[in-house]
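Each chain gets a letter, A, B and so on, in the order its sequence line appears, and its residues count up from 1. Worth knowing before you read on, the calculation uses all heavy atoms, side chains too, and leaves out hydrogens, waters and symmetry mates.
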There are 4 protein chains.
Amino acid sequence: METGRESVAGTKRLPRAVRERQMLDAAVTCFARHGYQTASMDEIAELAGVSKPLVYLYLHSKEDLFTACIRREAEALLATVAGAVGDPDVPPDERLWAGLLAFFTHAADHPDAWVVLSRQARTQGEPFATEAARMRDEIAAFVAGLIGEAAREARDGAAITERDVTALAQALVGSAEALAGWANETPGVTAREAAATLMNFAWAGLGNLMKGERWSRR
Amino acid sequence: METGRESVAGTKRLPRAVRERQMLDAAVTCFARHGYQTASMDEIAELAGVSKPLVYLYLHSKEDLFTACIRREAEALLATVAGAVGDPDVPPDERLWAGLLAFFTHAADHPDAWVVLSRQARTQGEPFATEAARMRDEIAAFVAGLIGEAAREARDGAAITERDVTALAQALVGSAEALAGWANETPGVTAREAAATLMNFAWAGLGNLMKGERWSRR
Amino acid sequence: METGRESVAGTKRLPRAVRERQMLDAAVTCFARHGYQTASMDEIAELAGVSKPLVYLYLHSKEDLFTACIRREAEALLATVAGAVGDPDVPPDERLWAGLLAFFTHAADHPDAWVVLSRQARTQGEPFATEAARMRDEIAAFVAGLIGEAAREARDGAAITERDVTALAQALVGSAEALAGWANETPGVTAREAAATLMNFAWAGLGNLMKGERWSRR
Amino acid sequence: METGRESVAGTKRLPRAVRERQMLDAAVTCFARHGYQTASMDEIAELAGVSKPLVYLYLHSKEDLFTACIRREAEALLATVAGAVGDPDVPPDERLWAGLLAFFTHAADHPDAWVVLSRQARTQGEPFATEAARMRDEIAAFVAGLIGEAAREARDGAAITERDVTALAQALVGSAEALAGWANETPGVTAREAAATLMNFAWAGLGNLMKGERWSRR
DNA sequence: GATGAATGAGCGTTCATTCAT
DNA sequence: GATGAATGAACGCTCATTCAT
């Protein structure tokens, strides 16, 4: 008797790796729900099903724990997107689409992780903001690379400066973040739909930009 | 009697409105610098040049104080943007341009307020996230209105659903937020430049969308 | 009704100086009873009749509190002894006697303070040991000065080196500490008796030393 | 199977007595360095080269471990001194000299043990202070015996009461403790020098006392 | 004989908040 | 109008101690 869930909940003496994963999972949930400062180590430990000292034994401090969360989730997201963008022989718009789709899907599948990365990490001052910026920059670099590639294919690509590209990447990543948050919080919005919106919005705009068409007061 | 010392010691009996403004100013600065949780009422009171009980007398609690900050700054920003968008007779692209310029200028002129609104308010859980979302939605509605107006002017505007418009507005607002943060933190980037980047990016993209041109896998 | 003690215990809103004295008194008692590490801030606060935050507001930390205790008690003891030794015109043996009597009397009147100074402060590592050593050295220098003065009066004083004097001062201070502890813990032993024991023991021994009489294996 | 790794990894199955000695050695070192409260069982176990549960298996608790340290070191010191004082036929001053020399030599050879006995044990409250006092009293009794013996040899020995003897013994032991600490912490001071200082100081003083010469205000 | 896994209990510290004046 | 005095509640962190193997 007492099979299934009970046996899992009551199982003691798990190997360290398993416990660490449980703790990180719990921490991501708590940090997403309450923010870094408000989340308490007590609650995280309880949610992880372990005692507080064990959390400290394995993760050393609240700061280290938060950093570990950011790193794990950032790497998971980056790996997913990088894997989807993949083959450099595919035309850049296809690769952007694949990346966007993977991005929104991942964000939808791991909403807590996404909140931690996009909202909490960036607002908690220095040890963390840098960590989060690293991931953001890596994604922005991805996008900038694709834009640059597309620009080189177009005739007047030279009309775009590097700062333009950076600014565009910022705008694009910002859109993606906003859409991901909106999609996650609005019932019925799929990752595919969010990706399509951004793709339509961005690719067309980018295309015009490549051709040197700029808005100016009539 | 006892005239001399009190008046010399800096004791100023200012009217309530002035004191409240000082407190809100100090609070915005502190909240922007340290975040909601980390900012201490002690520091806010000191920066405001008053004693802590007075802060409580006027603003009731830390939560109320933060809410008051959010409200004041959100209203100021909305008023600025609304004023700039202004006259409904002007074509929508002009109005969008004016709004963007006003928005980025305001964010650049009040960087602490912008940090509080865009970063802190949204990450501090429920009383505040809603408050911040209200402003965000109001701006998004503005934008959505302009997009819709433009769409109605274009022939195939009917091809765009209301949800499309909402999604686009979210994307636009997200871009704007990201660019504002980037512009404020990157020396040498002007509000005008940020606005131009976004205008070029978005208006061209929107234009294509209006014409029913969508990206699709070749 | 309810005069005297109750009115003291229930009196709230005392001026800071009074509260600080209460806290230091309580801290000295606790540190003497349990030692620095074992004494808890909770207990100190309770014994002082205040809440823990007030202790921190005024004394900043456990370390600062302990340091403040050491300083206050060391200064009190030094002032007492210095006052008693007093007039340089009095012959050195009279001055030593007066100093010893004052020392043992003070130690007997403030047993907790004496325990903190002689036992706790010296065993709690670096911030404190130095603080305690300062007082000890000051007393040792006193004694060494008196010994040196006496030596100069004796004919063969030159036979005593400076290191001898230092060693003798150490021995004398050690005797004093041991006797003070013993006197405080043994009922019926007065400060005068302890002082007399040490005076007889030390002064005769010192006298012989001055005359160059040393023990050597027969 | 699985033979190799275990034996290589340093796993040694030592007899209990050896393990206990390792643990006590490590404990004495740690207690001397950090004090009873601050020393951690983790560090002691690590320094002893065993796991923490083994320490508990053999020594039961931190308190028991500390007590065991005190006992072992106190017995070692007492045995050394008792052995040196030795033959009752030798005159008391020779025996005192031998005892002092043995005492200072032992303290110099086992500085950690001496710190534990003289500083830590006496400041850690009740279970330990008593344990340390036992040793101290035993040494004081030794000294008192020698003093008494010498007094009986002198003509006016009857002038000295038993309490005088006890007080003198306390003073002597206190001097010895202070000099031992000073000698251990001052480079260049030998055990022989410390012993000589004390012998000169004390024996001359004691001699005068025996003859009934006491200090009194002129 | 020996240990990796795990915890109950407590401590130093801080902070939002409130009286009494 | 304005403040010095004071606190309840909580939090991050550590440590002696024990199981299960």
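When atom types are taken as modelled, the side chain of B:K52 and the backbone of B:E43 share no donor-acceptor pair closer than 3.5 angstrom. Within the 3.5 Å criterion, the main-chain N or O of B:Q120 finds a donor-acceptor partner in the side chain of B:T123. Within the 3.5 Å criterion, the main-chain N or O of D:S40 finds no donor-acceptor partner in the side chain of D:K62.
Note: B:F66 and B:F128 have perpendicular aromatic rings, judged against thresholds of 30 and 60 degrees for the angle between ring planes.
Taking atom CG of residue D:L57 and atom P of nucleotide E:dG1, one finds them 7 Å apart after rounding to whole Å. The nearest whole Å value for the distance from the CD atom in D:E43 to the P atom in F:dT14 is 15 Å. Summarising the geometry, the separation between CG on A:L14 and C1' on E:dG4 is reported as 13 Å, rounded to the nearest angstrom. A:Y58 has its OH atom 17 Å from the C1' atom of F:dC13, to the nearest Å. The nearest whole Å value for the distance from the CG atom in C:D64 to the C1' atom in E:dT14 is 16 Å. Atom-to-atom, CD of C:E46 to P of F:dT7 comes out at 12 Å; the value is rounded to the nearest Å. Note: NE2 (B:H34) to P (E:dC15) measures 11 Å, nearest angstrom.
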Stepwise side-chain contact (heavy atoms from CB on, under 4.5 Å) test for D:D112 and D:E73: CA-CA 10 Å; D:D112 285 345; D:E73 301 304 339; over 6 Å; no
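Position along DNA chain E of the nearest nucleotide to A:L54 versus D:S51 favours D:S51 as the more 5'-ward residue.
Contacts between residues 24-32 of chain A and DNA chain F, defined by a heavy-atom separation under 4.0 Å, are absent.
Residues A:R19 and A:Y58 share a closest heavy-atom pair of CB-CE1, 3.8 Å. A pairwise comparison of heavy atoms in C:V55 and C:L65 identifies CG1-CD2, 4.3 Å as the closest pair. Considering every non-hydrogen atom in both A:C69 and A:A27, the closest pair reads SG-CB, 3.5 Å.
Other residues, nucleotides and ligands contribute over 12 non-hydrogen atoms within 6.0 Å of the CZ atom of B:R16.
Dashed line: the shortest gap from a side-chain N or O of B:R19 to OP1 or OP2 of F:dA2 is under 4.0 Å.
Using a 3.5 Å distance cut-off with no hydrogens or angles, the side chains of B:T67 and B:E63 do not pair a donor with an acceptor.
Counting only Watson-Crick and G-U wobble pairs whose two key distances fall under 3.5 Å, DNA chain F forms stems of three or more stacked pairs at E:2-21 with F:2-21.
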How does each nucleotide of nucleotides 15-21 of chain F score, in 5' to 3' order, for protein heavy atoms under 4.0 Å: base (B), sugar-phosphate only (S), or none (-)? BSBBBS-
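Among the atoms of the strands shown, none is found under 4.0 Å from any heavy atom of B:R16.
In summary, of the residues considered (A:Q124, A:E131, A:R134), a side-chain contact (heavy atoms from CB on, under 4.5 Å) with A:I70 occurs for A:E131 alone.
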